[in-house]
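This is a predicted model, so every value here is computed, not measured. Atoms considered below: every heavy atom in the structure, side chains included; atoms not considered: hydrogens, waters and symmetry mates. Every chain is numbered from 1 and lettered A, B, ... according to where its sequence line falls, protein lines coming before strand lines.
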Number of protein chains: 2
Amino acid sequence: MAEVSSATVSRALTSPERVSEATRERITAAVVETGYTVNQMARSLRLRAAKTILIAIPNIGNPFYSTILDAVVQDAAERGYGVLVANRLGGDPTLGLKDYFYSNRADGLLLFDATLNLEALQDLPLVRGNRPLVLSCDDIPDAPLDLVMTDNRDAADTATRHLIELGHKRIGTVRSRTTPNVVSERHSGFERALKRANLLIRQDWIWQGDHTIGGGIVAAESWLALNERPTAMFCGNDETAIGFISRLRQAGIDCPRDVSVVGFDDIAVAQHLSPALTTMRQPRYYMGKVATALLLDILEGPTAERTPTRRILKSELIIRASTASPRDFN
Amino acid sequence: MAEVSSATVSRALTSPERVSEATRERITAAVVETGYTVNQMARSLRLRAAKTILIAIPNIGNPFYSTILDAVVQDAAERGYGVLVANRLGGDPTLGLKDYFYSNRADGLLLFDATLNLEALQDLPLVRGNRPLVLSCDDIPDAPLDLVMTDNRDAADTATRHLIELGHKRIGTVRSRTTPNVVSERHSGFERALKRANLLIRQDWIWQGDHTIGGGIVAAESWLALNERPTAMFCGNDETAIGFISRLRQAGIDCPRDVSVVGFDDIAVAQHLSPALTTMRQPRYYMGKVATALLLDILEGPTAERTPTRRILKSELIIRASTASPRDFN
DNA sequence: GTGAAAGCGCTAACAG
DNA sequence: CTGTTAGCGCTTTCAC
């Protein structure tokens with residue numbers, strides 16, 4: 001219609017300066033007229049780049065991850081990349097299959113889900129296809145991977161120390177099974193703080209949660225059944241803390257009067273709960289941005305062998321109303 | 001490597017029964033050995049189907065939408081489709097550009113964002129390219145589109161009637177600008193319930209929110225400045241209710257003693273707030289499933305002209321602790 | 001500055 | 001049951 005070859009159209013669209021102004025105008029007019037859009041499939045096939053990244057998230061429903069997804073989608077789009085979403089990839093026993101399903105649709109992988117060991121990871125079609133991979137929010141021990149996460153151990157230490165400084169001596173915790181490495185880091189920070197203060201680490205004051213509200217409720221029920229109860233709890237994330245406090249309230253136990261609770265993440269509702277939740281704020285939107293930028297830089301950078309980058313971001317203690325000195329403190 | 005032509009490999013992978021067992025085994029072995037994966041780009045180019053759908057969401061960070069996204073990703077994957085995510089498409093002034101960006105990457109569009117009029121919609125490259133489109137969670141007036149949503153007017157009526165039945169006569173509301181059509185439906189349900197009960201609809205008791213916690217806070221501040229205050233509030237969504245209650249609490253106003261509040265959506269934390277939130281539960285996970293199934297059925301069904309389907313799902317009043325009879329009620 | 005031609009990896013039609 | 005062939009729509013040499 002513009003009376004030029006397809007090659008010229010292609011040039012006009014991708015590098016306009018390589019085409020004479022007159023031709024370019026005719027082409028632009030024809031594009032508008034016909035509503036032409038480039039076929040991304042054909043372009044990808046030719047360029048061997050899908051201009052798409054895959055993000056694997058443990059649980060989209062969790063506001064912690066949906067904030068990250070927000071950041072990723074935003075920044076990827078700005079750089080011309082689409083974002084394909086995979087939910088609960090890691091926990092899925094058919095992982096290989098699923099990954100096969102996604103492989104070749106995406107140029108790189110943003111992995112926010114570390115429920116795999118290094119071996120399983122190496123076996124993924126996406127990884128074997130030599131696609132770049134950035135791990136985030138969680139670590140896989142001994143994996144020489146690009147990584148963006150927060151200082152979980154120090155953060156857990158800080159949160160626990162906050163309870164100790166309020167005068168608590170009987171401190172428990174709800175861990176989680178879902179993100180093994182993060183959790184063990186947090187747990188070791190928790191223990192480090194207790195040890196430093198010469199406080200007892202009691203096994204019956206350590207509960208297993210799963211980073212959901214329901215997990216917090218279950219922990220609270222077992223807590224209620226105890227003869228000797230901790231006066232303060234470090235919860236693995238905010239959801240757990242919400243469920244825990246909610247269940248105790250039903251049983252007439254008041255937070256923070258009867259028990260102090262500190263959460264982790266600082267999700268949006270945390271400050272609007274009653275009591276407003278004391279928590280460790282993770283810079284999750286920023287974490288999503290950093291991980292995306294890193295992945296796209298790798299994707300667009302030289303293909304030479306690179307040594308993995310490790311970016312560790314800081315978390316911040318946000319003191320609100322769910323923590324207070326124990327009643328017998330004077 | 002299996003000493004067959006590429007056509008046979010293709011057949012072995014897509015319709016194994018069309019290939020002899022011996023050949024199939026050689027091919028399977030070679031696939032495993034080499035770690036071969038099909039190139040989705042080439043396949044899509046050939047089949048003229050990306051096996052990918054695009055979901056446009058107003059705000060991923062909102063748990064309401066992230067639950068829907070969860071359902072969509074799950075069900076699409078089960079039927080072999082990837083999900084590409086676009087956030088805040090509708091609100092974006094560069095919509096056309098963005099859509100151009102996504103067009104041709106996806107076979108169909110799941111639109112949960114109705115901040116466009118019918119004309120704007122018809123102009124989208126995706127729509128002009130004749131890709132199927134399912135609108136959900138919100139309506140576009142006069143648009144003959146496939147639609148999955150809830151009965152917003154009836155739901156708002158039910159919520160408001162609940163307040164009326166508790167004995168409230170002074171009832172206000174926080175609307176929202178973000179989803180114009182849903183909101184006006186809800187608002188008309190609100191007004192219908194008031195009129196039926198012969199109650200006053202006062203303009204100074206109608207606030208504009210934006211479906212965020214912050215919007216609820218702003219409304220609460222203006223509420224606090226009032227001489228004559230409503231004794232009950234119908235909030236456009238749960239986030240608004242959370243912000244509203246939270247801000248009033250700071251000012252010493254207790255919910256439900258001083259004011260009853262009903263929300264909308266029943267997000268996960270709603271039942272764990274203090275007071276636990278009375279709200280209209282929308283079947284959002286199910287809505288995501290229905291919308292996905294509808295879109296994929298259209299995509300895979302006959303290409304003949306079809307008349308649009310309208311699926312209206314029911315919402316349910318969940319009575320909790322944030323609503324009570326007004327103090328002067330006897 | 002532009003056109004002709006080749007080829008990215010796949011599948012479908014057609015032979016055999 | 002399997003191979004040959006063509007072509008999906010694009011970009012990129014290579015000529016001119």
Study note, to complete from the structure: Outer limits of DNA chain D sitting under 4.0 Å from a non-hydrogen atom of chain B, read 5' to 3', are D:dC1 to D:dG9
Review point. What residues, two or more places apart in sequence or in another chain, satisfy side-chain hydrogen bond (donor to acceptor under 3.5 Å, both in side chains) together with B:Asn59?
Key: none
Exercise for review: Using the salt bridge (Lys or Arg N to Asp or Glu O under 4.0 Å) rule, take A:Asp107 and A:Arg48 through it: C-alpha gap first, then chi angles, then the decisive distance, then the call.
Suggested key: CA-CA 9 Å; A:Asp107 302 325; A:Arg48 325 182 126 269; over 6 Å; no
**Study point:** side-chain hydrogen bond (donor to acceptor under 3.5 Å, both in side chains) against A:Asn39, all qualifying residues, sequence neighbours excluded
**Key:** none
Review point. Taking only residues two or more places apart in sequence, or in another chain, which ones meet A:Thr34 in a side chain to side chain contact (heavy atoms under 4.5 Å, CB included)?
Key: A:Met1, A:Tyr36
Practice item. Using five pairs at either end of the helix from C:dG1-D:dC16 to C:dG16-D:dC1, determine the angle between the two local helix axes and round it to 10 degrees. Key: 40°
Exercise for review: If a pair satisfies salt bridge (Lys or Arg N to Asp or Glu O under 4.0 Å) and one of its residues is in residues 21-40 of chain A, list it, with sequence neighbours excluded.
Suggested key: none
**Study point:** Under 4.0 Å protein heavy-atom contacts per nucleotide of nucleotides 2-8 of chain C, with B for base, S for backbone only and - for none
**Key:** BBB-BBB
Practice item. Assign A:Ser44 to base, sugar-phosphate, or nothing according to its heavy-atom contacts below 4.0 angstrom with the strands shown. Key: nothing
Review point. Going by the salt bridge (Lys or Arg N to Asp or Glu O under 4.0 Å) test, which pairs reach into residues 285-296 of chain B, not counting sequence neighbours?
Key: B:Asp75-B:Lys289
Revision key, fill the gap. Applying side chain to side chain contact (heavy atoms under 4.5 Å, CB included) to A:Thr150 and not counting sequence neighbours gives A:Asn152, A:Gln282, A:Pro283, A:Met287, A:Leu313, A:Ser315
**Study point:** Value in whole Å for how far the P atom of C:dT11 lies from CE of B:Met41
**Key:** 14 Å
Give every donor-acceptor pair under 3.5 Å between a side-chain atom in residues 138-149 of chain A and any protein atom, sequence neighbours left out.
| unit_1 | atom_1 | unit_2 | atom_2 | d |
| --- | --- | --- | --- | --- |
| A:Asp138 | OD1 | A:Val182 | N | 2.9 |
| A:Asp139 | OD2 | A:Arg310 | NH2 | 3.4 |
| A:Asp146 | OD1 | A:Arg306 | NH1 | 3.4 |
| A:Asp146 | OD1 | A:Arg306 | NH2 | 3.1 |
| A:Asp146 | OD1 | A:Thr309 | N | 2.8 |
| A:Asp146 | OD1 | A:Thr309 | OG1 | 3.2 |
| A:Asp146 | OD2 | A:Arg306 | NH1 | 2.9 |

Exercise for review: Please list, chain by chain and in numerical order, all residues satisfying side-chain hydrogen bond (donor to acceptor under 3.5 Å, both in side chains) with B:Thr292, sequence neighbours excluded.
Suggested key: none
Revision key, fill the gap. By side-chain hydrogen bond (donor to acceptor under 3.5 Å, both in side chains), B:Ser5 pairs with (sequence neighbours left out) B:Thr8
